[in-house]
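What follows is a single structure, and I will ask about it in a moment.
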Amino acid sequence: MIRLIKYDDLTLFKNDVISFLVQFEAENNLVLGVLQSLSEKDELPFFMAAVLKDNDIGLVFLQTHPSEIILSKSVSFSSKEIHEIGENLIAANRDIPGFIGEKKLTAELAIYISNVKGIQANVLRNQRIYQLEKIKKKANSNGNLRKVIENDHPIIKEWVYHFCYETNQPISVEEADKRAARMINKGSLAAWEVNGEMVSMASSIRPTPNNISISYVYTVTAKPYCPPIDGVCCPKPDGQAVQSMV
């Protein structure tokens, strides 16, 4: 038996689903990290729900972004059960902008809902989750790791801008400036420095009980040229970016 429970209380939702999510902490790093970062002081998520299979939680939905609903790793569902989930989801949340989740379940659910609604479902991006368990290679002795500080803000702002461009998520210079400031203030950014000059950065995001995600990994391969022209940087950054890993 499939049942969908919609939540309007963040604390109750956390209490009900976190124990399920931490069973697969790496696979659920996105939904778990986002959920644990939320508090009652924040704006309530657009959508919070859990799918029960035989009275046990088998899938969790969380939407904090207007364009997509996050799906957790799920228990095994038959095609018939996935279609039931789709029907329940349509009834509970008529505005379904898109999904992000494991490929098989997410694709089948999206196709079923799009057929019911008479709309086209498209894949926006393919992503993978990488789980780092052991470091085999020691850090290069040529340089040192250090915390990013406020004085680094001008160059971090450019790197954030370049990172978003390289990962096909372009943002304005103003937004890059704000993101750089937030990460520096949170103390989540680290830099690799060679001969007193920063050459790479990485940020820790979405901590969970036993894991943390790494994002904003950007390494300069040459001096980036980025003169601000009417608030817009150069369109071609010169660096290497890695979006996110666990």
Side-chain angles (χ1 to χ4, degrees), residues 25-26 29-43 45 62 64-68 70 100 127 129-132 135 139-246:
E25 201 170 329
N29 77 89
L30 178 58
V31 61
L32 188 56
V34 171
L35 182 57
Q36 291 191 317
S37 71
L38 297 174
S39 72
E40 295 294 344
K41 296 178 182 178
D42 297 316
E43 188 174 343
L62 175 64
T64 59
H65 191 280
S67 65
E68 59 193 18
I70 307 169
I100 179 169
Q127 295 179 307
I129 296 173
Y130 296 90
Q131 182 173 347
L132 177 64
I135 297 175
N140 193 322
S141 59
N142 180 27
N144 62 280
L145 186 71
R146 71 166 176 85
K147 186 177 180 179
V148 171
I149 60 175
E150 180 59 37
N151 288 346
D152 301 319
H153 182 271
I155 191 167
I156 294 298
K157 175 185 72 174
E158 290 191 5
W159 288 2
V160 168
Y161 176 87
H162 291 329
F163 171 87
C164 292
Y165 181 94
E166 284 286 333
T167 55
N168 297 316
Q169 302 173 85
I171 59 175
S172 67
V173 177
E174 291 77 12
E175 178 59 27
D177 183 78
K178 292 177 183 177
R179 290 191 190 184
R182 282 199 300 268
M183 288 189 286
I184 292 172
N185 291 335
K186 285 176 65 177
S188 61
L189 271 174
W192 188 259
E193 191 175 64
V194 177
N195 297 326
E197 184 177 1
M198 288 195 305
V199 296
S200 183
M201 73 171 181
S203 176
S204 59
I205 60 171
R206 299 193 303 269
T208 58
N210 301 295
N211 293 284
I212 198 164
S213 295
I214 305 298
S215 189
Y216 286 92
V217 180
Y218 185 80
T219 300
V220 176
T221 56
K223 286 285 187 180
Y225 175 66
C226 187
I229 303 174
D230 294 329
V232 179
C233 277
C234 61
K236 181 62 178 175
D238 194 354
Q240 298 176 345
V242 176
Q243 185 167 3
S244 186
M245 66 180 292
V246 178

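These numbers come from a predicted model, not from an experiment.
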*Please round to the nearest 0.5 Å and tell me the distance separating atom CD of Glu68 and atom CG of Leu30.*
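Going from the CD atom of Glu68 to the CG atom of Leu30 covers 7.5 Å.
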*Please tell me if the side chains of Met198 and Ile156 come closer than 4.5 Å, counting only heavy atoms from C-beta onward.*
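Met198 reaches Ile156 side chain to side chain.
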*Under a 4.5 Å cut-off applied to non-hydrogen side-chain atoms, are Glu150 and His153 in contact?*
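SC-SC contact between Glu150 and His153 confirmed.
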*Mind checking the CG-OH spacing from Leu189 to Tyr218? Nearest 0.5 Å is all I need.*
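Reported value, rounded in 0.5 Å steps: 14.0 Å.
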*Report the residues that fulfil side-chain hydrogen bond (donor to acceptor under 3.5 Å, both in side chains) with Arg182, sequence neighbours left out, ordered by chain and then residue number.*
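None.
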*Measure the spacing between CD1 of Ile70 and CG of Leu62 and express it to the nearest 0.5 Å.*
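Answer rounded to 0.5 Å: 5.0 Å.
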*Taking only residues two or more places apart in sequence or in another chain, which ones pass salt bridge (charged side-chain N to carboxylate O under 4.0 Å, His left out) with Asp152?*
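Asp152: salt bridge (charged side-chain N to carboxylate O under 4.0 Å, His left out) contacts with Arg146.
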*Check the surroundings of atom CG in Asn195: do more than 12 heavy atoms from other residues, nucleotides or ligands lie under 6.0 Å from it?*
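Atom CG in Asn195 is not packed in, count stays at 12 or less.
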_Pairwise side-chain contact, Asn211 with Asn29, heavy-atom cut-off 4.5 Å (strictly under)_ =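 Side chain of Asn211 against side chain of Asn29, heavy atoms only: no contact under 4.5 Å found.
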*Any side-chain heavy-atom pair from Leu35 and Pro45 closer than 4.5 angstrom?*
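They are not in contact (no side-chain heavy atoms under 4.5 Å apart), so the answer is no.
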*Between Pro209 and Glu25, which heavy-atom pair has the shortest distance, and what is it?*
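Smallest heavy-atom distance, with atoms named: N-OE2, 3.2 Å.
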_Qualifying residues under side-chain hydrogen bond (donor to acceptor under 3.5 Å, both in side chains), relative to Glu43, sequence neighbours excluded_ =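 Not a single residue meets the side-chain hydrogen bond (donor to acceptor under 3.5 Å, both in side chains) criterion with Glu43.
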*So, for Ala190 and Leu145, which heavy atoms are closest and what is the spacing to 0.1 Å?*
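Residues Ala190 and Leu145, closest heavy atoms: CB-CD1, 4.0 Å.
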*Taking all atoms of both residues into account, what is the closest heavy-atom pair of Arg206 and Ser213, and its distance?*
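Closest approach of Arg206 to Ser213: NH2-OG, 3.7 Å.
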*Not counting sequence neighbours, which residues clear side-chain hydrogen bond (donor to acceptor under 3.5 Å, both in side chains) with Glu175? List them please.*
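If we apply the side-chain hydrogen bond (donor to acceptor under 3.5 Å, both in side chains) test to Glu175, skipping adjacent residues, the hits are Arg179.
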*Can you name the nearest heavy-atom pair linking Met183 to Ser203, along with the distance?*
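For Met183 and Ser203, the tightest heavy-atom pair comes out as SD-OG, 3.6 Å.
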*So, do Val220 and Trp159 sit near enough that their side-chain heavy atoms are less than 4.5 Å apart?*
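The answer is yes; the side chains approach within 4.5 Å.
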*Output all residues satisfying side-chain hydrogen bond (donor to acceptor under 3.5 Å, both in side chains) with Thr64, sequence neighbours left out; order by chain, then residue number.*
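Result, side-chain hydrogen bond (donor to acceptor under 3.5 Å, both in side chains) vs Thr64: none returned.
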*Which pair of heavy atoms, one from Pro170 and one from Asn168, lies closest together, and at what distance?*
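Closest approach of Pro170 to Asn168, heavy atoms only: CD-C, 3.3 Å.
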*Could you tell me whether the side chain of Glu158 reaches within less than 4.5 Å of the side chain of Val173, counting heavy atoms only?*
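Not in contact.
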*For Ser204 and Ile214, indicate whether the former's side chain and the latter's backbone hold a donor-acceptor pair under 3.5 Å.*
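Answer holds: no.
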*Write down the atom of Ile205, the atom of Ser215, and the distance for their closest heavy-atom approach.*
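Looks like CD1-CB, 3.5 Å.
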*Mind running side-chain contact (heavy atoms from CB on, under 4.5 Å) on Met201 and Val160 for me, showing each step along the way?*
CA-CA 9 Å; Met201 73 171 181; Val160 168; 4.1 Å; yes
*Of all residues at least two apart in sequence or in a different chain, which pass the side-chain contact (heavy atoms from CB on, under 4.5 Å) check with Pro154?*
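Partners of Pro154 by the side-chain contact (heavy atoms from CB on, under 4.5 Å) criterion come out as none, since no residue qualifies.
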